[in-house]
Amino acid sequence: MTRPAGILRPYRPEDRDALFDIYVRTGHEGGDSRHLYPDPDLLPNIFAAPYVALEPELAFVVEDGGRAVGYILGTADTASFVTRYRTEWLPGLTSRYPAPVQPQAPATPAEMMTGLMHDPERMVLPELDNYPAHLHIDLLTSNTAARAFYDRVGFHEIAVPDPGPVTCLGRGTAATPPR
């Protein structure tokens, strides 16, 4: 009998260190980001920790052999999440990560990410109006077929201006059919 590759379960506060580790180890195009960011907490504080703090009911980890090896984090309403991120999450980070001085262009990847941290409104785009929810999935286990999986279950690419290294995928629901 083959044992399952992992068990999906709700996030627990004691998963925090694993959550941060997973993000750091997958934060550079699916690979390790430690060589780019001197502060290993920067990326998780932007892209993972706010979800477990603001919407813990939508946070899950993949556990394999008793340790977290991946996660699924999300929000049902991106616009509301952005408002809460700005008012509840960001104030706790501004002393550690001050807002960049404008109009100076970012000189390092860390400066670029700090700029994103201070601009959560970037997540609210008219092109995504029909897709109010969003999620992040990161796994330590190799998964080269992930994009094929999303395509197979009905996701499609959504064109957004200046997406950077991110690909926006969407899938309609009964409440919000795709355009």
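Small disclaimer: the values here were computed from a predicted structure and weren't measured. Scope of the values below: all heavy atoms of this structure, side chains included, with no hydrogens, waters or symmetry mates.
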Stepwise side-chain contact (heavy atoms from CB on, under 4.5 Å) test for Ile46 and Tyr85: CA-CA 10 Å; Ile46 301 169; Tyr85 182 102; 4.1 Å; yes
Relative to the ring of His136, is the ring of Phe47 parallel (under 30°), tilted (30 to 60°) or perpendicular (over 60°)? tilted
Just do the side-chain contact (heavy atoms from CB on, under 4.5 Å) check on Arg12 and Val61 with the steps written out, would you? CA-CA 9 Å; Arg12 299 186 296 242; Val61 299; over 6 Å; no
Val24 backbone acceptor or donor facing Ser33 side chain under 3.5 Å: yes
Over all heavy atoms of both residues, which pair between Val52 and Ala59 is shortest? Give the atoms and the distance, please. CG1-CB, 3.7 Å
Taking the side chain as every heavy atom from C-beta outward, state whether Pro44 and Arg16 have any pair of such atoms under 4.5 Å apart. no
Answer yes or no: is there a side-chain heavy-atom contact under 4.5 Å between Thr83 and Ser80? no
Applying side-chain contact (heavy atoms from CB on, under 4.5 Å) to Met113 and Leu36, what does each step give before you reach the verdict? CA-CA 11 Å; Met113 289 299 155; Leu36 294 173; over 6 Å; no
So which atom in Ala49 and which in Asn45 form the shortest heavy-atom distance, rounded to 0.1 Å? CB-OD1, 4.0 Å
Quick one: are Leu43 and Phe20 in side-chain contact, heavy atoms under 4.5 Å? no
Distance-minimising heavy-atom pair for Thr87 and Pro91: O-CG, 3.4 Å
Within the side chain of Arg84, is there an N or O that forms a donor-acceptor pair under 3.5 Å with the backbone of Leu54? yes
Quiz question: by atom type and distance under 3.5 Å, do the side chains of Asp15 and Tyr71 form a donor-acceptor pair? no
Please name the pair of heavy atoms, one in Leu58 and one in Ala76, separated by the smallest distance, quoted to 0.1 Å. CD1-N, 3.6 Å
